[in-house]
Amino acid sequence: MKAMNNRVVTMSVVRFSIFLIMSAGLAIGIYSSFVKTSAVEMRKLTEISSRYDKIRMQQVLLTESVDSLYHYAMLLNSGDIYINQSALFTMVSVKSIRFNEEIETMNNDDIPVYKKLGVKLDNLLQLKDSIRQSNINLEVLRDEYVRCMNKNKDMNRKLFNGRAY
């Protein structure tokens with residue numbers, strides 16, 4: 001025996017099944033688009049993160065270079081007799097050149113502070129070299145002065161003793 005509204009019930013069940021299948025398809029479509037979108041976003045975040053990590057590593061290496069360069073620059077003209085000043089100056093100059101070469105290979109937007117620091121360190125090294133050259137000239141002049149004073153004393157002694165000729 002069939003119910004009198006069998007056709008209405010069957011149509012309602014069919015309509016419910018169609019809506020259920022469409023909702024499941026819609027949910028699967030939304031989920032798959034979410035997964036694809038999140039994969040794209042994760043890839044972009046990974047690329048950006050690796051770029052920032054690379055920049056950070058370069059900055060750490062530059063910081064170490066500046067630190068050692070500054071340490072060695074402070075040893076210049078320190079008056080320590082155990083330090084070979086000319087060899088130290090050569091080493092500091094080479095380190096400074098390498099530092100400037102590293103800065104030139106990097107993007108200017110990533111390292112503006114290091115560029116300014118490099119210029120200031122170059123100025124410091126130029127001043128230290130000028131001081132070193134001045135000290136060398138001072139020693140030469142001092143030795144010349146002492147030699148002239150000794151020669152003058154000898155001549156005065158000879159004149160006083162009467163043997164100037």
Side-chain angles (χ1 to χ4, degrees), residues 24-161 163-164:
L26 183 65
I28 290 172
I30 289 173
Y31 179 74
S32 66
S33 66
F34 171 75
V35 168
K36 286 181 182 178
T37 304
S38 65
V40 169
E41 290 296 321
M42 287 302 293
R43 187 173 5 103
K44 286 181 182 179
L45 285 174
T46 304
E47 289 172 3
I48 291 171
S49 176
S50 66
R51 183 174 151 251
Y52 286 149
D53 288 344
K54 179 183 172 189
I55 291 169
R56 178 71 178 144
M57 280 305 297
Q58 288 174 336
Q59 288 178 344
V60 166
L61 291 175
L62 286 176
T63 301
E64 290 173 359
S65 295
V66 167
D67 187 42
S68 67
L69 189 60
Y70 182 77
H71 173 72
Y72 289 127
M74 289 299 106
L75 290 176
L76 286 172
N77 304 331
S78 64
D80 192 353
I81 61 172
Y82 299 110
I83 296 176
N84 185 349
Q85 292 293 322
S86 60
L88 181 64
F89 187 77
T90 302
M91 184 183 67
V92 169
S93 297
V94 168
K95 282 186 175 279
S96 176
I97 289 170
R98 285 185 187 154
F99 175 75
N100 287 330
E101 287 173 353
E102 287 176 21
I103 286 177
E104 291 301 321
T105 61
M106 295 179 69
N107 188 359
N108 290 338
D109 297 336
D110 300 333
I111 52 164
V113 172
Y114 292 99
K115 279 198 172 278
K116 289 179 184 178
L117 194 56
V119 169
K120 298 294 183 187
L121 277 172
D122 286 341
N123 290 342
L124 176 70
L125 292 176
Q126 287 174 351
L127 287 173
K128 291 276 191 175
D129 186 43
S130 297
I131 290 170
R132 186 177 64 88
Q133 291 294 332
S134 297
N135 286 340
I136 290 171
N137 291 340
L138 181 65
E139 288 295 320
V140 168
L141 290 174
R142 186 177 290 141
D143 291 343
E144 182 71 21
Y145 176 73
V146 168
R147 188 184 60 78
C148 286
M149 289 300 293
N150 288 337
K151 190 175 182 181
N152 193 15
K153 284 180 186 178
D154 288 343
M155 288 301 274
N156 282 339
R157 218 176 289 133
K158 286 180 183 178
L159 279 174
F160 185 69
N161 291 333
R163 297 181 300 180

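Source: prediction; values computed, not measured. Hydrogens, waters and symmetry mates play no part in the numbers below; they use all other heavy atoms, side chains included.
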Under 3.5 Å, sequence neighbours excluded: what are the donor-acceptor pairs made by side chains of residues 53-64?
unit_1 : atom_1 : unit_2 : atom_2 : d
Q59    : NE2    : D110   : O      : 2.8
T63    : OG1    : Q59    : O      : 2.8
T63    : OG1    : Y114   : OH     : 2.6

Worksheet item: Under 4.5 Å between any side-chain heavy atoms of N123 and V119, yes or no?
Response: yes
Worksheet item: Quick one: OH on Y70 to CG on L75, what's the gap to the nearest 0.5 Å?
Response: 11.0 Å
Contacts table for residues 24-39: side-chain donor-acceptor under 3.5 angstrom, sequence neighbours left out:
unit_1 : atom_1 : unit_2 : atom_2 : d
S32    : OG     : I28    : O      : 3.3
S32    : OG     : G29    : O      : 2.9
S33    : OG     : G29    : O      : 3.3
S33    : OG     : I30    : O      : 2.8
T37    : OG1    : S33    : O      : 2.7
S38    : OG     : F34    : O      : 3.1
S38    : OG     : V35    : O      : 2.9

Worksheet item: Could you walk me through whether L69 and S96 pass the side chain to side chain contact (heavy atoms under 4.5 Å, CB included) check?
Response: CA-CA 7 Å; L69 189 60; S96 176; 4.2 Å; yes
Discussion item. Measuring from atom CD1 of I136 to atom CD1 of I131, what distance do you get when rounded to the nearest 0.5 angstrom?
Written reply: 12.5 Å
Response to the item:
All heavy atoms of K128 vs all of A73, minimum pair found to be CE-O, 3.4 Å
Worksheet item: Looking only at heavy atoms, which two atoms of F99 and S65 are closest? And how far apart?
Response: CD1-CB, 3.9 Å
Worksheet item: After noting the C-alpha distance and the side-chain angles of L124 and M74, does the key distance pass the side chain to side chain contact (heavy atoms under 4.5 Å, CB included) rule?
Response: CA-CA 10 Å; L124 176 70; M74 289 299 106; 3.7 Å; yes
Worksheet item: What is the distance from atom CG of L138 to atom CG of D143, rounded to the nearest 0.5 Å?
Response: 9.5 Å
Worksheet item: Looking at residues at least two apart in the chain, or sitting in another chain, which of them share a side chain to side chain donor-acceptor pair (under 3.5 Å) with N100?
Response: D122
Worksheet entry | Pairing residues for S68 by the side chain to side chain contact (heavy atoms under 4.5 Å, CB included) criterion, not counting sequence neighbours | Y72, K95
Worksheet item: Between atom CZ of R132 and atom CG of N137, what is the distance when rounded to the nearest 0.5 Å?
Response: 10.5 Å
Practice prompt. Output the distance between atom NZ (K44) and atom CD (E47), rounded to the nearest 0.5 Å.
Written response: 8.5 Å
Worksheet, complete the sentence: Across all chains, not counting sequence neighbours, the salt bridge (Lys or Arg N to Asp or Glu O under 4.0 Å) partners of E139 are R142
For residues 145-153, tabulate all N or O donor-acceptor pairs below 3.5 Å that involve a side-chain atom, not counting sequence neighbours.
unit_1 : atom_1 : unit_2 : atom_2 : d
R147   : NH2    : E144   : OE1    : 3.4
R147   : NH2    : E144   : OE2    : 2.4
N150   : ND2    : V146   : O      : 3.3

